[in-house]
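Here the structure is laid out as structure tokens; the discussion comes afterwards.
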Amino acid sequence: MNERVRRNPRTEAIWTQLYEALAALSTSTGRRELDIVDLGGGSGVFAVPLARIGHRVTVVDPSPNALATLARRAAEEGVGDQISAVQGDAAGLAGVVGPDGADVVLCHGVLEVVDDVGGAVTAIAAALRPGGVASVVVAQRYAAVLAKALAGHLGDARRLLDDPDGRWGASDPLPRRFDEDGVRALLAGAGLAVDEVHGVRVLTDLVAGSVVDDPAEAAALAELEAAVVAHPAFRAVAAALHVLARRPAAGGVP
Ligand SMILES: C[S@@+](CC[C@H](N)C(=O)[O-])C[C@H]1O[C@@H](n2cnc3c(N)ncnc32)[C@H](O)[C@@H]1O
């Protein structure tokens, strides 16, 4: 359960919180092996390591190419029988995972792109067992403002700041970006109780790619990231927010 993936400053903060949440859930349920759904799980960046530490993972993703890569990766890592790959999307989640079917639902980098964001979050809540945990990662609009300004695209930065959906214009590939209040309200609206919100990628998206990709520098950067995201001041400019939310246990209060 404690096996850790290679240090990657882009995802390390997410893994740290996720491992803690899984360990707590294993303790409270008395089950080491949890049923995890990875909505928009793509090529298995999260699913494969989670299967390697013993969990059963169902990846639901509309992309056949991503699912093919997932199948290859899972086979290479010897966890093919612990991962189910289903071609589908957020709107069809209820048809794949029955009500109360999952201990954990991951939804990382997906709420930005779905057609019906409220429907997706409702489907996530319905798939969770009482007491189950949603791990949600969303792009944060204020970091995008900063990145655009640093790149000299001041008009885009201003539009991003003012636009209600956090977009810089018609050519922006993302339909929406979030801020902390917005993502909290979205999850609460689906009946999920937000336990924790963490910043992800405060510095990694701003420093040169060569720093991120160098193994020695990456370890130092991961340490620095871990230190800065603990400061609330930096959370508001993190490239993404990682939210852990819980479906209240039956009879519990959110
Ligand atoms: C940015 S990638 C994130 C992949 C993975 N969750 C991760 O964190 O590495 C977004 C993923 O969402 C998937 N996706 C796009 N539209 C979706 C939808 N409506 N429902 C579920 N997944 C969707 C894409 O195919 C892609 O794999």
Side-chain angles (χ1 to χ4, degrees), residues 5-19 21-22 36-53 55 57-74 77 79 83-97 101-102 104-128 133-141 143-144 147 165-167 172-178 183 186-187 190 198-201 204-205 212 225 238-245:
V5 290
R6 186 181 75 85
R7 296 199 78 163
N8 178 340
R10 291 191 179 93
T11 54
E12 173 146 324
I14 300 174
W15 279 114
T16 300
Q17 308 309 326
L18 193 54
Y19 278 123
L22 295 176
I36 299 177
V37 172
D38 192 353
L39 177 61
S43 57
V45 168
F46 286 87
V48 170
L50 290 171
R52 284 188 56 199
I53 56 173
H55 301 298
V57 189
T58 301
V59 175
V60 181
D61 198 289
S63 163
N65 288 343
L67 294 177
T69 305
L70 164 68
R72 194 179 62 244
R73 249 188 196 166
E77 298 280 341
V79 292
I83 296 181
S84 308
V86 180
Q87 191 174 1
D89 63 9
L93 185 63
V96 178
V97 188
V104 177
V105 177
L106 270 51
C107 183
H108 294 178
V110 179
L111 293 181
E112 299 88 329
V113 298
V114 294
D115 291 335
D116 175 7
V117 67
V121 176
T122 300
I124 290 169
L128 284 171
V133 171
S135 170
V136 174
V137 177
V138 291
Q140 180 165 224
R141 62 188 297 165
D165 290 323
R167 306 183 73 220
D172 189 334
L174 284 191
R176 68 189 72 83
R177 292 178 182 80
F178 295 84
V183 72
L186 179 67
L187 296 172
H198 297 270
V200 179
R201 305 195 326 263
T204 42
D205 287 23
V212 181
E225 277 284 347
L241 292 170
H242 182 203
V243 186
L244 290 166

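Read the numbers this way: they start at 1 and go in the same order the structure lists the ligands and their atoms.
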Need the ligand 1 atom indices (1-based, order shown) with element for anything under 4.0 Å from a heavy-atom of [X].
X	result
His108	3 (C), 5 (C), 6 (N), 8 (O)
Val114	18 (C), 19 (N)
Ser63	25 (O)
Phe46	8 (O)
Gly42	27 (O)
Val113	15 (C), 16 (N)
Gly109	1 (C), 10 (C)

Do me a favour and list the nearest non-hydrogen protein atom to [atom] with residue, atom name and distance?
atom	result
atom 23 (C) of ligand 1	Pro62 CD, 3.4 Å
atom 9 (O) of ligand 1	Val45 CB, 3.8 Å
atom 5 (C) of ligand 1	Gly40 O, 3.3 Å
atom 12 (O) of ligand 1	Val110 CG2, 3.7 Å

Taking every non-hydrogen atom, the tightest pair across Pro49 and Gly44
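Distance-wise, the nearest heavy atoms are CD-O, 3.7 Å.
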Going by atom types alone, do His198 and Gln17 pair a side-chain donor with an acceptor below 3.5 Å?
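A donor-acceptor contact under 3.5 Å links the two side chains.
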Quick one: are [X] and [Y] in side-chain contact, heavy atoms under 4.5 Å?
X	Y	result
Leu111	Phe178	yes
Val137	Phe46	no
Val121	Leu187	yes
Arg176	Val117	yes
Val136	His242	no

Between [X] and ligand 1, which part of the residue brings a heavy atom under 4.0 Å of the ligand: side chain, backbone, both or neither?
X	answer
Ser43	neither
Asp89	both
Ala66	neither

Please check if the side chain of Asp165 supplies one atom and the backbone of Arg167 the other of a donor-acceptor pair under 3.5 Å.
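Side chain of Asp165 to backbone of Arg167: no pair is present.
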Test item: Ser63 side-chain N/O and Ala66 main-chain N/O as donor-acceptor pair under 3.5 Å:
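A pair under 3.5 Å: yes.
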With sequence neighbours excluded, tell me which residues meet salt bridge (Lys or Arg N to Asp or Glu O under 4.0 Å) with Asp172.
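In terms of salt bridge (Lys or Arg N to Asp or Glu O under 4.0 Å), with neighbours along the sequence ignored, Asp172 is linked to Arg177.
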Sub-3.5 Å N/O-N/O distance, Ala90 and ligand 1:
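So ligand 1 has an N or O lying under 3.5 Å from an N or O of Ala90.
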When only distance counts, is Asp61 in polar contact with ligand 1, meaning an N/O pair under 3.5 Å?
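Yes, there is a polar N/O contact under 3.5 Å.
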